[in-house]
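Below: one structure, written as structure tokens.
Along the sequence shown, residues carry numbers from 1. None of the values given here were measured: they were computed from a predicted structure.
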Amino acid sequence: MQSEFGIPLLIAHLLIFWYSQDSNVTPPVALAAFAGAGIAGADPMRTGFQAWKFAKGLYLIPLFMVFKPEIVSGGPPLVVLWQVFSSILALAAFAIALEGYFFTKFHPLNRLLGFVALVAMLWPSFWVDGLGVVCVVLMLFINYMRSRTANSVTM
């Protein structure tokens with residue numbers, strides 16, 4: 001397998017292809033979003049920005065392919081399962097940290113923890129990745145408990 005800049009050639013091509021397709025949901029091009037807006041009779045730019053908002057996790061997937069090449073090229077089954085699990089959790093952490101809501105409104109420090117955990121899950125080390133996973137699970141658990149206490153107070 002050839003490698004340029006430490007990235008396998010297949011992954012480098014997938015990275016370029018993936019980012020080229022993001023133009024379908026990213027304004028000002030947003031061809032898919034503008035076509036959908038035309039069909040729905042909606043404002044094209046507002047639809048384009050909404051499409052970008054929903055697709056923001058798509059920008060992370062090529063980074064996962066680069067920093068977790070086992071997802072694309074394979075490897076031991078447990079390693080691949082771990083990489084897929086931590087990648088899905090990282091996408092969730094990214095979306096939750098950007099939106100600031102999951103079960104209930106997130107505290108700003110929890111949102112910051114989500115971004116730090118995301119960076120940790122992109123780090124090419126099993127232990128740092130595991131620390132990021134623990135941080136995200138802890139962040140979600142804390143927010144879940146906050147939502148339960150908030151719901152029990154209002155009832």
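- The two residues Ile71 and Ser87 have their closest heavy-atom pair at CD1-OG, 3.3 Å.
- Within the 4.5 Å cutoff, side-chain heavy atoms of Leu91 are placed close to those of Phe64.
- Residues Leu98 and Phe115 are in side-chain contact: their nearest non-hydrogen atoms beyond the backbone lie under 4.5 Å apart.
- Shown here for Ala37 and Pro44, the closest heavy-atom pair between the two residues is CB-CA, 3.7 Å.
- Between the CD1 atom in Ile11 and the NZ atom in Lys68 there is a gap of 13.0 Å [rounded to 0.5 Å].
- Pairing each heavy atom of Thr47 with each of Ala33, the nearest pair is CG2-O, 3.5 Å.
- Partners of Val134 under the side-chain contact (heavy atoms from CB on, under 4.5 Å) rule, at least two apart in sequence or in another chain, do not exist in this structure.
- Contact of the Ile7 side chain with the Leu15 side chain is not registered, since no non-hydrogen atoms from C-beta on lie closer than 4.5 Å.
- Below 30°, between 30° and 60°, or above 60°: for Tyr59 and Tyr19 the angle between ring planes is below 30°, a parallel geometry.
- Under the 4.5 Å side-chain heavy-atom criterion for grouping Ile, Leu, Val, Met, Phe, Trp and Tyr, Phe126 is connected to Val136 within one hydrophobic cluster.
- Here the straight-line distance linking atom CG of Asn110 with atom CZ of Phe102 works out to 12.5 Å at 0.5 Å rounding.
- In terms of heavy-atom proximity, Met45 sits nearest to Phe34 at SD-CZ, 3.6 Å.
- Under the 4.5 Å side-chain heavy-atom criterion for ILVMFWY residues, no single connected hydrophobic cluster contains both Leu89 and Trp123.
- Arg146 places no side-chain N or O within 3.5 Å of a backbone atom of Phe106 that could act as its donor or acceptor partner.
- Of the inter-residue distances, the one linking Leu118 atom CG with Leu122 atom CG reads 5.0 Å to the nearest 0.5 angstrom.
- There is a path of hydrophobic side-chain contacts, each under 4.5 Å, that joins Trp127 to Leu113.
- Under the 4.5 Å side-chain heavy-atom criterion for grouping Ile, Leu, Val, Met, Phe, Trp and Tyr, Ile88 is connected to Phe67 within one hydrophobic cluster.
- Between Cys135 and Val116, every side-chain heavy-atom pair lies at or beyond the 4.5 Å cut-off.
- Cluster annotation: Phe85 and Val137 are assigned to the same hydrophobic cluster (Ile/Leu/Val/Met/Phe/Trp/Tyr, side-chain heavy-atom contacts under 4.5 Å, transitive).
- Counting only distance, with no hydrogens or angles, the side chain of Ser20 and the backbone of Phe17 share a donor-acceptor pair below 3.5 Å.
- Closest approach of Met121 and Ser86 over heavy atoms only: SD-O, 3.5 Å.
- Taking all atoms of both residues into account, the shortest heavy-atom contact from Ala93 to Gly114 is CB-O, 4.3 Å.
- Residue Arg111 holds its CZ atom at 8.0 Å from NZ of Lys105, rounded to the nearest 0.5 Å.
- Between atom CD of residue Glu70 and atom CG of residue Leu81 there is a gap of 12.0 Å, rounded to the nearest 0.5 Å.
- Within the 4.5 Å cutoff, no side-chain heavy atoms of Val66 are placed close to those of Leu63.
- Using a 4.5 Å heavy-atom cutoff, the side chains of Trp82 and Val133 are in contact.
- Around the CZ atom of Phe141, the shell of radius 6.0 Å holds no more than 12 heavy atoms that belong to other residues, nucleotides or ligands.
- The shortest side-chain heavy-atom distance between Ile96 and Tyr101 does not fall under the 4.5 Å cut-off.
- Between Asp129 and Gln83, some side-chain heavy-atom pair lies under the 4.5 Å cut-off.
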After noting the C-alpha distance and the side-chain angles of Asp22 and Trp52, does the key distance pass the side-chain contact (heavy atoms from CB on, under 4.5 Å) rule? CA-CA 9 Å; Asp22 280 342; Trp52 172 79; over 6 Å; no

